[in-house]
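Heads up: the structure comes next, in structure tokens.
Throughout, numbering of the chain's residues begins at 1 and tracks the sequence.
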Amino acid sequence: MNSTTDDGSVGEMTPRRAGRLAAILYLVCGPMVAIGSVALPNAGGTNGAWLFVLAMVAVASGTAIWFTPWQRFERRSTLWLLPPTFAIIASFDAVGGRESYAYGVFFFVSFAWIGLSHKPGTALRFAPLAVAAYLVPLILQGQHAAALWTITYVAPCWALVGETVAFVSERLVRSQNLLRERAAGLRALFVNSPHPMFVYDATSGRFLEVNEVAISHYGYARHEFEQMTFADLAPDVVPSDLDDSATVGVLSCTHVVKDGRRIDVELSSHEVPYAGRRAMLVAVHDITERNMLERELRHQAFHDSLTGLANRALFADRVAHAVRKRSVAGERVAVVMLDLDGFKTINDSLGHSAGDSLLLAVARRLRESIRASDTAARLGGDEFAILIEDVVDCDMIEARIQLLMTSLGAPFEVADTSIVVTASAGIAFGRPLDGPEELLRNADTAMYRAKGDGKGCVRVFESTMHDAATARLEIERELRDAIAGNELVVYFQPKIKLSTGTVTGFEALVRWHHPTRGLLLPGEFISVAEETGLITGIGRFVLGEAATQARDWQEAFPETRLDIAVNLSAAQFGDRRLVDEVAVVLAGAGIDPTLLSLEITETAVMRNSDLAIQTLHRLRGLGVKLAIDDFGTGYSSLSYLRTLPVDTVKIDKSFVDGIPRDKHAYGVVEAILALARTLDLETVAEGVERCEQATALHALGCHLAQGFYYSTPLAPEAVVPYLTQHHLGRGVVAPVALTAAG
């Protein structure tokens, strides 16, 4: 069942091998008998000549068997050799004399051949033939007793030998085939592995074998690998580390490929025997791309995707680290917050792609203006930050930031357009008890102070700023409660016709009845409302109250047309629901739309001129009047005014204050009134506080005026008594023309 194949490996017994094995038995046993018949004493009755002849017949038979082409036949065909074999053995017995039964040993050899060459059970089937071949010669010699006595134990022994050899041989073949299959499988895994694999000598480190994937992956030819050691591939790896990896699992390291590149790999190694020596089998997993992706993901997690600067999370971590370092080494830390002024206007006018290009250009200038040890970050939108460590001189840091602001003030070339932007910056120097949150908060507070102080400037944090910011936050909280608790109220300031001194209408002005601070004017809370978005709700409330009051006045004075003016904030004017809300208010109050005048600032109109003009036309379609408030303080686009569907121009108080002493203010007012006459627009002067102002305005041709000279804003309940006292027929004051004449 098992033998050595032509190539020297252990394999299944073939017909050729079985025949060759039988021939060997013949060629060994035949000469032994021939030599014994000549050289050894023979038992009585032995015919030595015939023994020699039979021995030569065995040799001749063995030679013939050797050259028989058994590979052409099936293996079981070799069993035809058994009858002649048993016949030759029987012939030996016949001429062997009184001790011819001694030739029974040859039957043992024959059955051993059966066990080696054929499957179990074959020996049992041929045992009767062997018994007959053994007994016949002995019986013919008259050795009945010897024949019967010996056959009782030798025959079972023959069969036992044959079956035992067959059983053991079959088990050996199975084991050897299994080992061979395992070896072939391991070889196939090594050769066909999708990952580089190699075997190297555990003592010298020299490569013993590599697969094709390793050759293509590393770029070395096979003969080059055979001249290399593992240290040539992984110069940074200590051999003991690789030995440890065979126990603990995977080792991560760097390998050098033929072109000099370094790749990141994970090595799985196992100790294996190889050609009688101790070797290491290594499987390589290239993790270069995975590591690159992980680094990229880490970079994206902590860096701004647009500018590549640190993002808010990384910046906060760097600040926290700097604060901890400061507490140990006693070093000072500074945080700078920067916010671009008017960035939204650039986004709205040139588009978001231009805005992104501007942010990239700003980030480049930031990098160029800071030290390598500083950290620049984009916190979001147009807000940037800088962390400065090892601060020695605070004044020097402030000077550096001033230079940075100057650098940012240089024109940027964006979308084929030269853009000049300014930035507001706040600096906070770390104080002994300040943590990272306080440092960031203080810098942010200083930056907002810079914006409040006119933008384009730098402010250093002071403790009073925090108090102001806290107060501002408290106002925001209280203002939300005030809106929900109906603490807001609308006051009304009368508008006076300069030529007659009579009341023509009112402007609605919001006030806040604060539970502890009393009546608050808009200047104390409107800016907070605008920053927090509460202004839209406040504006909606004022519009509704004004319309309701206008209806009440119409009912009280049915023969009088008293209009009501309401200011629209920029946020309210930009709300696409505005026109629908105004229509609902008019319908709810049931007033003539022409009695409602909506006032919009120049800045709100110019912020998105196309949308603004559309909104103005839609409002005009409702029948309401439209006014430009604080004219001359915004974009001052006098020529642009003719394209707007407005009815009234309101002259800002800052120009009225200068009349009649300031020639510049006088000239601006004169130009506005001249333009209004040309465009057939009504004019209203705000903030009239003295008689000479009213006289000068009337002389220049202004139609209406309002201000403390005529009346402070009136509470809702005071309007009707005021109108009763100063009815249109009697007037509020004497006409300014008559006063001047008198």
Side-chain angles (χ1 to χ4, degrees), residues 302-304 307 309-327 330-343 359 362-363 365-367 369-371 373-409 421-473 476 528 531-532:
F302 294 105
H303 290 80
D304 177 55
T307 63
L309 298 178
N311 63 9
R312 184 180 294 273
L314 178 58
F315 188 76
D317 182 73
R318 294 276 178 87
V319 171
H321 179 268
V323 169
R324 289 193 298 269
K325 179 181 175 183
R326 178 203 65 191
S327 63
E331 299 172 346
R332 296 202 69 181
V333 180
V335 171
V336 183
M337 293 286 189
L338 298 100
D339 191 87
L340 302 183
D341 301 324
F343 178 74
L359 293 175
V362 170
R365 290 192 187 178
L366 278 181
R367 288 193 188 94
S369 302
I370 64 175
R371 304 173 304 176
S373 58
D374 299 335
T375 300
R378 180 187 175 213
L379 305 185
D382 59 335
E383 188 176 3
F384 295 85
I386 303 173
L387 170 64
I388 304 174
E389 302 185 55
D390 307 329
V391 174
V392 177
D393 188 341
C394 296
D395 293 336
M396 183 183 69
I397 298 299
E398 187 175 354
R400 282 179 54 194
I401 301 305
Q402 289 286 4
L403 289 175
L404 171 60
M405 302 290 282
T406 302
S407 170
L408 293 178
V421 296
T422 60
S424 301
I427 307 175
F429 295 99
R431 299 173 297 185
L433 297 180
D434 285 344
E437 294 82 6
E438 290 79 11
L439 194 56
L440 291 167
R441 181 201 65 198
N442 294 344
D444 200 53
T445 301
M447 185 266 289
Y448 276 103
R449 172 59 64 88
K451 278 192 171 295
D453 289 349
K455 303 179 180 179
C457 58
V458 180
R459 292 292 180 265
V460 178
F461 175 79
E462 299 174 357
S463 57
T464 54
M465 293 182 183
H466 176 60
D467 297 337
T470 303
R472 194 176 188 85
L473 186 63
E476 178 187 345
V528 176
E531 291 176 6
T532 57

Query raised in the report: So which of Leu403, Thr422, Leu338 actually passes side chain to side chain contact (heavy atoms under 4.5 Å, CB included) with Leu408?
Result: Leu338
Report summary line: So CZ of Arg449 and OG1 of Thr464: to nearest 0.5 Å the spacing works out to 6.0 Å
Query raised in the report: Does any pair with a residue in residues 450-462 pass side-chain hydrogen bond (donor to acceptor under 3.5 Å, both in side chains), and if so which ones, sequence neighbours excluded?
Result: Asp339-Lys451, Asp341-Lys451, Asp453-Arg459
Query raised in the report: Is the shortest heavy-atom distance from the side chain of Leu440 to the side chain of Met337 under 4.5 Å?
Result: yes
Query raised in the report: Would a 4.5 Å heavy-atom cut-off, applied to side chains only, mark Leu404 and Ile386 as touching?
Result: yes
Query raised in the report: Could you give the distance from CG (Leu340) to CD (Glu383), rounded to the nearest 0.5 Å?
Result: 10.0 Å
Query raised in the report: Could you go step by step and tell me if Glu438 and Phe461 meet the side chain to side chain contact (heavy atoms under 4.5 Å, CB included) rule?
Result: CA-CA 11 Å; Glu438 290 79 11; Phe461 175 79; over 6 Å; no
Query raised in the report: Which atoms form the tightest heavy-atom contact between Leu309 and Ala376, and what is the distance?
Result: CB-O, 3.7 Å
**Report entry** Close side-chain approach of Arg371 to Ile388, heavy-atom, < 4.5 Å
**Finding:** yes
Query raised in the report: How far does CD of Glu389 sit from OG1 of Thr375, to the nearest 0.5 angstrom?
Result: 6.5 Å
Query raised in the report: Is Leu366 close to Arg378 at the side-chain level, that is, under 4.5 Å between some pair of heavy atoms?
Result: no
Requested in this report: Just do the side chain to side chain contact (heavy atoms under 4.5 Å, CB included) check on Val335 and Arg318 with the steps written out, would you?
Outcome: CA-CA 11 Å; Val335 171; Arg318 294 276 178 87; over 6 Å; no
**Report entry** Ala425 versus Ala450, closest heavy-atom pair with distance
**Finding:** O-CB, 3.5 Å
Query raised in the report: Which atom pair, heavy atoms only, marks the closest approach of Val323 to Asp434?
Result: CG1-O, 3.8 Å
Requested in this report: Rounded to the nearest 0.5 Å, what's the gap from SG on Cys457 to CD on Gln402? Could you check?
Outcome: 8.5 Å
Report summary line: Correct closest heavy-atom pair for His303 and Asn311 would be N-ND2, 3.5 Å
Query raised in the report: Taking C-beta and beyond as the side chain, do Val421 and Phe343 meet within less than 4.5 Å on heavy atoms?
Result: no
Report task. Please check if atom NE2 in His321 has more than 12 non-hydrogen atoms from other residues, nucleotides or ligands closer than 6.0 Å. Result -> no
Report task. Look up atom CZ in Phe384 and atom CG in Leu359, then write down how far apart they are to the nearest 0.5 Å. Result -> 5.0 Å
Query raised in the report: Going by heavy atoms in the side chains, are Val362 and Asp382 under 4.5 Å from each other?
Result: no
Report task. Would you indicate whether the side-chain heavy atoms of Ile397 and Phe429 approach each other to under 4.5 Å? Result -> yes
Requested in this report: Work out which heavy atom in Ala443 is nearest to a heavy atom in Ala428; give both atom names and the distance.
Outcome: N-CB, 3.4 Å
Report task. Kindly give the heavy-atom pair with the smallest separation between Arg400 and Ser369, and that separation in Å. Result -> NH2-O, 4.2 Å
